[in-house]
Each structure stands twice: as C-alpha cells, then as structure tokens.
Asks: 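One structure, as structure tokens, below. Some questions next.
Predicted model only: the values in this text are computed from it and were never measured. Atoms within a ligand are numbered from 1 in the order they appear, just like the ligands themselves.
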Amino acid sequence: MGATVLPVNLKLAGRKCAVIGGGSVALRRVKTLLEAGAQVRVIAPEIDSELLKLTREENVEWIAEPFTASLVLGMFLVVCATNDEAANRSAAWASKATGALVNMAAPPMELSDLTLPAKTERDGLLLTVSTNGASPELSRRIRQSMEADILEVYGPWLERLTPIRKEMRKKLEGHAQRQAFWREALNSEVMALVKEKKYDEAEALVRNAISRFGTES
Ligand SMILES: C[C@@]1(CC(=O)O)C2=NC(=C\c3[nH]c(c(CCC(=O)O)c3CC(=O)O)Cc3[nH]c(c(CC(=O)O)c3CCC(=O)O)/C=C3\N/C(=C\2)[C@@H](CCC(=O)O)[C@]3(C)CC(=O)O)/[C@H]1CCC(=O)O
Ligand SMILES: NC(=O)c1ccc[n+]([C@@H]2O[C@H](COP(=O)([O-])OP(=O)(O)OC[C@H]3O[C@@H](n4cnc5c(N)ncnc54)[C@H](O)[C@@H]3O)[C@@H](O)[C@H]2O)c1
C-alpha cells in the first residue's frame, strides 16, 4: 500500500483547539496540544482529576457541558475523545462544517482528518512514528527504541551542527555549494564517530571540511 497521508509538523502556537471528552485519552491529547502551544478548550460534562488541575492553568478552559456545535465555532482543530461513539460522530461532522480539522482519538476513526504519531524530542531533534491507526502499541514500542538508539546519539550532535549550519550559510554561496559541503562534512567516517558519541572528534572533522571548503572557494 502506498502512503495515503502527508506527514507534517503542525504549528499550533496561539491556535484555538478543542478536545471533546474528559477522560484519560482526552487528558493525553490536551497535554500534547499544550506542548505545541495551543489554546485549548475542553468540552465535557465531567473530567478526570488530573485534567481538572490542568484546566486551572493558562491556555486551558473547561466548558462543563456535553458537546454542542456552537462550542467549536472558530476552532482550528477539534479532537473527539469521548467514550460515546454517536457523540463523537456528531461532534466530528459539526466541527468539519465549521472548517475545523478533526482528529478522532476514538471511534468512528474513519472521520479523522489526521492521526497523531508517537513522538519523542531532544535537543531540537523530533522523531515521530505512525502506523496510521493500525497499531498504536507498535508505535509506542518503536518510539521507545528510537529514544534509546537514535535520540540519545543524534540529539546532542544536532545541537552541535545547528550553529555550524548557520555559519556555513553565510560562508558558502548558493545551494549547490552548501549541499556539496554537507555531503562531504557528514561523511560516513564522521557519522561512525557520532554513532559512538565521539562528538569532539566528529566536530573536528567537520571543522576540517570547513577550512578545506573555505580555501577551495
Ligand atoms: C501513538 C499514540 C500517541 C498519543 O496518543 O499521544 C497513539 N496512541 C497511543 C497509545 C495507545 N493507544 C491505544 C493503546 C492500547 C493498545 C492498542 O490498542 O494498540 C495504546 C498503548 C498504550 O495505552 O500505552 C488504543 C487505541 N488508540 C487508538 C484507538 C482507536 C482505534 O484504533 O479504533 C485505540 C483502541 C481503543 C479501544 O480499544 O477502545 C487510536 C489512535 N491512537 C493513536 C496514537 C493514533 C494512531 C497512532 C498510530 O498510527 O500509531 C490514533 C488513530 C488516534 C489519533 O490519531 O489521535 C500513543 C502512544 C504514545 C507513546 O507512548 O509514545
Ligand atoms: N486514542 C487512543 O490512544 C485511545 C486509547 C484508549 C481508548 N481510546 C478510545 O477513547 C475513548 C475514550 O477513552 P477514555 O479512557 O478517555 O474514556 P472515559 O470513559 O474515561 O471518558 C469519557 C469522557 O467523555 C465524556 N463525554 C461523554 N459523552 C460526552 C459528550 N456528549 N460530550 C462531551 N463529552 C462527553 C465524559 O464526560 C468523559 O469525560 C474510549 O472509549 C476508546 O474508544 C483511544
């Protein structure tokens, strides 16, 4: 099967989002949205105690009512997370009618415009895994192994590369030259050192490449 979705990193800072439902699944979604900087409205007649604590914070409001369409007017994204399939269905259709994107955290899943991947982040390196709804538990497992195998190793390396990339943007003119530089700078010898967390040695090789490119150009 070919890919049927477009993976994106959605910027939610300052955007209005609603989560319908107040159980543990809603709580997880609220946390995820807050991490992305969204302004969150929780719509549910009753909510979990941890979620109640969160609603006392800035950027979260709780409307203690069952879902009605007027409550999602102006929302950018609506998450349907109640335990009532019929309620999720009508909330999804009403939200789509206002132009909002809909994420189904609970059935009926086929109304979802997007699924949320498992994610892990360190030093600006974000890794996500999705099975596009087929097995969230597998996503969770892969996320855990990526944390140990990839993030731990490449997160600190990304932190070192970020300022060097800025520097090289100024030094080298044109996309072709910058591409050639990065192909050479992150060669397999460098990447092998990074894999062993020998960041100082790896950085020294990259810096050598900088001086070579500097003299060639
Ligand atoms: C990745 C993660 C992100 C997050 O939630 O933040 C996430 N689910 C996680 C955990 C998890 N979810 C479930 C279990 C129990 C075991 C199992 O069923 O496998 C576990 C494991 C656990 O609890 O630890 C049950 C479950 N999940 C969905 C349904 C509905 C259905 O399938 O019908 C049911 C059945 C409910 C029921 O039985 O009633 C649906 C979705 N869950 C998604 C995301 C989206 C697809 C992601 C993908 O494609 O991989 C999607 C479509 C919703 C969406 O897009 O929002 C997070 C791991 C975070 C981490 O640890 O890194
Ligand atoms: N996406 C996932 O990862 C995942 C994981 C487990 C379960 N689920 C699904 O998510 C559903 C919710 O799980 P939960 O553990 O949070 O449930 P829960 O039973 O703890 O909470 C349900 C919440 O929905 C609210 N609610 C019910 N009807 C409503 C309405 N008409 N309007 C607004 N709110 C309403 C209730 O007040 C309650 O706060 C489950 O039924 C299951 O299908 C999804």
Side-chain angles (χ1 to χ4, degrees), residues 1-10 12 15 17-38 40-55 60-73 75-98 100-122 125-152 155:
M1 196 175 71
T4 53
V5 295
L6 173 72
V8 294
N9 297 322
L10 202 57
L12 288 182
R15 297 247 193 208
C17 300
V19 175
I20 306 167
S24 60
V25 174
L27 170 67
R28 215 161 68 215
R29 290 290 172 276
V30 170
K31 283 182 179 163
T32 303
L33 293 172
L34 287 176
E35 277 165 24
V40 183
R41 170 178 288 180
V42 178
I43 302 165
E46 284 165 35
I47 62 177
D48 279 7
S49 56
E50 201 185 333
L51 188 51
L52 183 64
K53 271 187 216 143
L54 265 186
T55 61
V60 195
E61 65 169 338
W62 174 30
I63 312 276
E65 295 171 26
F67 173 81
T68 45
S70 61
L71 296 175
V72 290
L73 283 176
M75 296 291 156
F76 178 71
L77 173 68
V78 177
V79 177
C80 301
T82 84
N83 55 352
D84 176 341
E85 185 162 349
N88 287 334
R89 184 183 304 279
S90 54
W93 283 120
S95 303
K96 283 172 196 268
T98 69
L101 286 169
V102 169
N103 169 242
M104 301 304 290
M109 303 309 292
E110 68 275 12
L111 295 185
S112 216
D113 295 317
L114 54 114
T115 61
L116 297 184
K119 69 179 171 72
T120 180
E121 191 166 9
R122 182 176 160 178
L125 181 61
L126 169 67
L127 302 176
T128 56
V129 192
S130 172
T131 61
N132 216 8
S135 175
E137 177 62 22
L138 180 62
S139 292
R140 193 180 71 82
R141 288 280 174 182
I142 298 175
R143 188 263 302 158
Q144 282 176 336
S145 75
M146 289 195 313
E147 253 160 21
D149 299 345
I150 303 179
L151 214 58
E152 286 277 300

Asks: My question is simple, although I want it checked carefully: is atom 10 (C) of ligand 1 less than 4.0 angstrom from any protein heavy atom?
Replies: yes
Asks: Hey, what do you get for OG (S145) to CG (L151), rounding to the nearest 0.5 Å?
Replies: 11.5 Å
Asks: Yes or no: does R29 have any heavy atom under 4.0 Å from an atom of ligand 2?
Replies: yes
Asks: Could you find the nearest protein heavy atom to atom 29 (C) of ligand 1 and give me its residue, atom name and distance?
Replies: A105 O, 4.5 Å
Asks: Taking distance alone, with N or O pairs closer than 3.5 Å, would you say A105 contacts ligand 2?
Replies: yes
Asks: Checking T68 side chain against S70 main chain: does a donor-acceptor pair fall under 3.5 Å?
Replies: no
Asks: What atoms of ligand 2 come closer than 4.0 angstrom to any heavy atom of A44?
Replies: 33 (C), 34 (N)
Asks: Just need the protein heavy atom nearest to atom 30 (C) of ligand 2, so name the residue and atom and give the distance.
Replies: F67 N, 4.0 Å
Asks: So how far is it from K119 NZ to L116 CG, rounded to the nearest 0.5 Å?
Replies: 9.5 Å
Asks: Test V60 against every option in L51, L34, V19 by the side-chain contact (heavy atoms from CB on, under 4.5 Å) rule and name the one that passes.
Replies: L34
Asks: Return the closest protein heavy atom for atom 10 (O) of ligand 2 as residue, atom name and distance.
Replies: A106 CB, 3.3 Å
Asks: What atoms of ligand 1 come within less than 4.0 Å of a heavy atom belonging to T115?
Replies: 52 (C), 55 (O)
Asks: With the threshold set at 4.0 Å, does a side-chain nitrogen-carboxylate oxygen contact exist between E147 and R122?
Replies: no
Asks: Would you say atom 35 (C) of ligand 1 touches the protein, meaning some protein heavy atom is under 4.0 Å from it?
Replies: no
Asks: Hey, is CZ on R15 packed in by over 12 heavy atoms from elsewhere, all under 6.0 Å?
Replies: no
Asks: Look at atom 2 (C) of ligand 2 and say which protein heavy atom is nearest, naming residue and atom and giving the distance to 0.1 Å.
Replies: R28 NH2, 3.6 Å
Asks: Distance to 0.1 Å, residue and atom name: give those for the protein heavy atom nearest to atom 47 (C) of ligand 1.
Replies: L116 O, 3.4 Å
Asks: Could you tell me whether K31 and E35 make a salt bridge, using a distance below 4.0 angstrom between a side-chain N and a carboxylate O?
Replies: no
Asks: Could you find the nearest protein heavy atom to atom 32 (O) of ligand 1 and give me its residue, atom name and distance?
Replies: G133 O, 4.3 Å
Asks: Answer yes if a protein heavy atom lies under 4.0 Å from atom 18 (O) of ligand 1, otherwise answer no.
Replies: no
Asks: If only atom types and distance count, is the side chain of N103 paired as donor or acceptor with the main-chain N or O of V79 below 3.5 Å?
Replies: no
Asks: Below 4.0 angstrom from a heavy atom of S130, which ligand 1 atoms are there? Numbered from 1 as shown, please.
Replies: 49 (O)
Asks: Examine the proximity of ligand 2 to L27 and report which part, side chain or backbone, both or neither, has a heavy atom under 4.0 Å away.
Replies: neither
Asks: Near A81, which atoms of ligand 2 are under 4.0 Å from a heavy atom of that residue?
Replies: 12 (C)
Asks: Please report which non-hydrogen protein atom sits nearest to atom 50 (O) of ligand 1, along with the residue it belongs to and the distance in Å to one decimal place.
Replies: S139 OG, 2.4 Å
Asks: Starting from atom 14 (P) of ligand 2, locate the nearest protein heavy atom and write down its residue, its atom name and how far away it is, to 0.1 Å.
Replies: V25 CG2, 3.9 Å
Asks: Tell me which protein heavy atom sits closest to atom 21 (O) of ligand 2, plus the residue, atom name and distance to 0.1 Å.
Replies: G23 CA, 3.5 Å
Asks: How does N103 reach ligand 1, by side chain, by backbone, by both or by neither, if only non-hydrogen atoms under 4.0 Å count?
Replies: side chain
Asks: Under a 3.5 Å distance rule, please check whether S135 uses its side chain to pair with a backbone N or O of L138 as donor and acceptor.
Replies: yes
Asks: Taking the non-hydrogen atoms of P136, is any one of them nearer than 4.0 angstrom to ligand 2?
Replies: no
Asks: Side-chain contact test, heavy atoms from C-beta onward, threshold under 4.5 Å: evaluate it for C17 versus V78 and give yes or no.
Replies: no
Asks: With the threshold set strictly below 4.0 angstrom, can you tell me whether any protein non-hydrogen atom sits that near atom 54 (C) of ligand 1?
Replies: yes
Asks: Give the numbers and elements of all ligand 1 atoms closer than 4.0 Å to a heavy atom of M104.
Replies: 53 (C), 54 (C), 56 (O)
Asks: Once rounded to the nearest 0.5 Å, what's the spacing between atom OG1 of T55 and atom CZ of R41?
Replies: 13.5 Å
Asks: Going from CG on L77 to CZ on R29, what distance comes out if it is rounded to the nearest 0.5 angstrom?
Replies: 10.0 Å
Asks: May I ask you to identify the nearest protein heavy atom to atom 48 (C) of ligand 1, giving residue, atom name and distance to one decimal place in Å?
Replies: T131 OG1, 3.3 Å
Asks: Check for me whether Q144 has a heavy atom closer than 4.0 Å to any atom of ligand 1.
Replies: no
Asks: Rounded to the nearest 0.5 Å, what separation is found between the CD1 atom of I43 and the CG atom of L71?
Replies: 4.5 Å
Asks: Nearest to atom 27 (C) of ligand 2, what protein heavy atom do you find, and at what distance?
Replies: N83 OD1, 3.4 Å
Asks: Please indicate whether any nitrogen or oxygen in E46 is less than 3.5 Å from any nitrogen or oxygen in ligand 2.
Replies: yes
Asks: Might you confirm whether atom CZ of R140 has over 12 heavy atoms from other residues, nucleotides or ligands at distances under 6.0 Å?
Replies: yes
Asks: For the pair S112 (side chain) and M104 (backbone), establish whether a donor and an acceptor sit closer than 3.5 Å, ignoring hydrogens and angles.
Replies: yes
Asks: Output the list of atoms in ligand 1 that are nearer than 4.0 Å to some heavy atom of A118, sorted by atom number.
Replies: 1 (C), 62 (O)
Asks: Please report which non-hydrogen protein atom sits nearest to atom 3 (C) of ligand 1, along with the residue it belongs to and the distance in Å to one decimal place.
Replies: P117 O, 3.9 Å
Asks: Quick one: which of M109, E137, R143 has a heavy atom closest to atom 30 (C) of ligand 1?
Replies: M109
Asks: Checking contacts here: is it the side chain or the backbone of I20 that comes within 4.0 Å of ligand 2, counting heavy atoms only? Could be both or neither.
Replies: side chain
Asks: Would you mind checking which non-hydrogen protein atom is closest to atom 29 (C) of ligand 2, with the distance to 0.1 Å?
Replies: T82 CG2, 3.8 Å
Asks: Heavy-atom distances under 4.0 Å decide this one: backbone, side chain, both or neither, for A87 against ligand 2?
Replies: side chain
Asks: Tell me whether E46 at atom CD has more than 12 heavy atoms from other residues, nucleotides or ligands lying less than 6.0 Å away.
Replies: no
Asks: For atom CD of E121, decide whether the heavy atoms of other residues, nucleotides or ligands shown that lie under 6.0 angstrom number more than 12.
Replies: yes
Asks: Main chain of A86, side chain of D84: is a donor-acceptor contact present, judged purely on distance under 3.5 Å?
Replies: yes
Asks: Name the option, out of R140, R29, R28, that contains the heavy atom nearest to atom 43 (C) of ligand 1.
Replies: R29
Asks: Under the side chain to side chain contact (heavy atoms under 4.5 Å, CB included) criterion, do V129 and M146 qualify, and how do the steps go?
Replies: CA-CA 9 Å; V129 192; M146 289 195 313; 3.2 Å; yes
Asks: Any protein heavy atom at under 4.0 Å, with atom 15 (C) of ligand 1 as the reference point?
Replies: no
Asks: Quick check on atom 57 (C) of ligand 1 - does any protein heavy atom sit closer than 4.0 Å to it?
Replies: yes
Asks: Can you tell me if D113 uses its side chain to pair, donor with acceptor, with the backbone of V102 under 3.5 Å?
Replies: yes
Asks: Among protein heavy atoms, which lies nearest atom 15 (O) of ligand 2, and at what distance?
Replies: S24 OG, 3.3 Å
Asks: Between CZ of F76 and CG of L10, what distance do you get to the nearest 0.5 Å?
Replies: 4.5 Å
Asks: Checking a contact table here: which protein heavy atom is nearest atom 25 (C) of ligand 1, and how many Å away?
Replies: P136 CG, 4.4 Å
